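Report on the following structure.
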Amino acid sequence: MSEDETQTPASGPGPDWGFETRMIHAGAGPDPTSGARQTPIHQTSAYAFHDADHAASLFNLQTFGFIYSRLGNPTVATLEERIASLEGGRGATCAASGHAAQVLAFFPLIEAGERFAASTRLYGGSVTQFSRTFPKFDWHCDFVDTEDLAAVEAVLAQGAKALFVESLANPGGVVTDLEALAGLTRAAGALLIVDNTLATPWLCRPFEWGADLIVHSATKFLSGNGTVIGGAVVDSGRFDWSASGRFPGLSEPEPAYHGLKFSETFGDLAFTVHSHAVGLRDLGASMAPMNAFLTLLGTETLALRMERHCRNSLAVAEWLTEHPKVEWVSHAGLPTSPYRELAQKYLPNGAGAVFTFGVRGGYEAGVKVVERCELFSHLANIGDARSLIIHPASTTHRQLTDEQRAAAGAGPEVVRLSIGLETVDDLVRDLDRALAAA
Amino acid sequence: MATDLHYSDALIAGILRRVRTIAMVGASPNWKRPSNFAMKYLQEKGFRVIPVNPRAAAAGALILGEKACASLEDVPGPVEMVDVFRASEAALEITREAIRLRAEKGFEVVWMQLGVRNDEAAAEAEAAGLTVIMNRCPKIEYGRLWGELGWGGFDSGVISSRWPRPAKGDGRAG
Ligand SMILES: Cc1ncc(COP(=O)(O)O)c(C=O)c1O
């Protein structure tokens, strides 16, 4: 068949579009009915069917389309396509929060009584979710030091079906050796799930290193202004569920859909179709369209913001290393960081904007620094345009044991910063004043 | 798989624009089978899909309103595309049949479904002047190129600021 290039639709170089172009355009052409150029907020609960046959096709998953916003919404779908594109994934499913996205990620994978493994270096809330709440679903997590590859191999050999890590770990400064871990999970027939929240796809793209799934808290840098709670799970589309046989949720007949097998029917779309059609349908933790809209606005400037976040954060980290009241600074961009090499490999555009430092004087001094800041906001979040400060031991990592806190890099003297987009000299001045008082 | 297959969006869109009738080899009368899903979707998008399924043909069955044919030989032409919904091993024989019947039926494209790839068959078909697509689903490609795949949260790879987006069969330059 002859091919007339001038007659083709809707499409340019496809996967060759640059990151910054996809940040603004992926998933979002002009609205098909109105021509609205910015993505409309589809504030609707449900969608009209053409006729009974169309309704049946939708409920049977025979055609693409919307039924009810718990399962899917056009504004949310635009964000899903955008995030999938930025990560280089096949598809994405947005969720009401990062934590909801984590539940959605495990939901098709782990059956009652089964196990997965997770790094000891995680956001404290994830440690609590995996160790306290997941056991109520009879899902069990083994925490492992992922810098000890023999220990990782051992836990995978004992039947862990997935390994969960953070690419750049909260509370900061720690970079995970994704490629090495992906080698181990692949050999064990398990999945590597990477929380890419702190890095964002601008700094790190875990699928390029062999990850199978990525989760995000969109609450942080993706939205970027401290406006929303949101999350996403992204599928690489590369795990062969049918061949594996270890994941019956995706490869065996699904009774609620007349016995269809997701992997057979949807191929590399299976995980994402399942996450909407079963995960969101039954867990119900769907993202609101307004939150998707705000996150879409955030993604439009992601690279620009991350560049400045990283530059400001490295400058503040460098300044802190010289400060007499500072014992240590954990920032993977510093030449003294034990993670410097891993950062150069996995985070070539910058080592992120969330990091920790140790104040001389321990717990009391840590609390004081936080309370004395004027410009830094004292709150439990990261990834805002505003600079943020917190004392993890008394807040985000409070529920953990002393050992868990130490393993997570959240000891008593630790202060966590999330560096924003302000004038960097003002940030330094604010910290200087607060440290003087500590 | 030997090497990654790459087909330009322009090539795929050109095929899906031009083709009116598809012979789907391996179309199942069971509505829960993937082939039946794809057939129903393509019908909704305006393609005529003629099922080729010897067992269904012997039973005189209709699949989604179309009489099942026993073989490509029995398919009433003109048919521009043969969609192979069978295992990769079976694709060679089906492709040879398509090459043989090419002029008589008007076949222009041999399309092998997602997961189906037969490089030997492809080489023979291309040598005979047929266009070959392997390891792709026309339903997914249609949805991807005309804006429906993204509804499911998938990356379509399509970026365009044009409005309205050119539709299938719309002769407007894209
Ligand atoms: C690395 C990381 N993952 C997950 C989460 C949880 O996200 P959310 O608060 O959106 O549920 C957080 C939140 O702080 C986080 O920092």
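Note on naming: letters A, B, ... go to the chains in the order of the sequence lines (proteins, then strands), and numbering restarts at 1 for each one. These numbers come from a predicted model, not from an experiment.
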Donor-acceptor pair, side chain of A:Glu81 and main chain of B:Ser156, under 3.5 angstrom: yes
Side-chain heavy atoms of B:Phe37 within contact of A:Phe266, under 4.5 Å: yes
Which atoms of A:Asn73 approach chain B - backbone, side chain, both or neither, heavy atom under 4.5 Å: neither
A:Thr33, part contacting chain B, at a heavy-atom distance under 4.5 Å: backbone
A:His25, part contacting chain B, at a heavy-atom distance under 4.5 Å: both
Polar side-chain atom of B:Trp163 near backbone of A:Asp31 as donor-acceptor pair, under 3.5 Å: yes
Closest non-hydrogen atom pair, B:Gly153 against A:Ala84: O-CB, 4.2 Å
Shortest non-hydrogen separation from A:Gln62 to B:Lys40 and the atoms involved: OE1-NZ, 3.6 Å
B:Tyr41 and A:Phe64 aromatic ring geometry - parallel, tilted or perpendicular at 30°/60° bounds: perpendicular
Heavy-atom proximity to chain B below 4.5 Å, by part of A:Leu269: both
Heavy-atom contact with chain B under 4.5 Å, split by part of A:Arg82: neither
Residue A:Tyr68 excluded, over 12 heavy atoms near OH under 6.0 Å: no
B:Glu93 atom CD: more than 12 heavy-atom contacts under 6.0 Å: no
Closest-packed option against chain B by number of heavy-atom pairs under 4.5 Å, given A:Ala28, A:Gly88, A:Gly35: A:Gly35
Nearest heavy-atom neighbours spanning B:Ile140 and A:Arg90: CG2-NH2, 3.9 Å
Residues, nucleotides or ligands: over 12 heavy atoms within 6.0 Å of A:Arg281 CZ: yes
Shortest non-hydrogen separation from A:Ala77 to B:Gly150 and the atoms involved: CB-O, 3.4 Å
Options A:His54, A:Arg37, A:His276, A:Glu87, ranked by heavy-atom pairs under 4.5 Å with chain B, top entry: A:Arg37
Heavy-atom contact with chain B under 4.5 Å, split by part of A:Pro74: neither
Greatest number of heavy atom pairs closer than 4.5 Å to chain B - which of A:Leu61, A:Leu260, A:Thr78: A:Leu61
Side-chain heavy-atom pair A:Tyr257, B:Lys32 within 4.5 angstrom cut-off: no
Sub-4.5 Å side-chain heavy-atom contact between B:Pro34 and A:Lys261: no
Chain B contact via A:Thr265 - side chain, backbone, both or neither, heavy atoms under 4.5 Å: both
For the student: nearest non-hydrogen atoms of A:Arg22 and B:Ile159, plus distance: CG-CD1, 3.8 Å
For chain A, the option from B:Cys137, B:Gly152, B:Ser161 that forms the most heavy-atom pairs under 4.5 Å: B:Ser161
Proximal component of A:Thr75, with respect to chain B [non-hydrogen, under 4.5 Å]: neither
Minimal non-hydrogen separation, B:Phe154 against A:Thr272, with atom names: CE2-CB, 3.4 Å
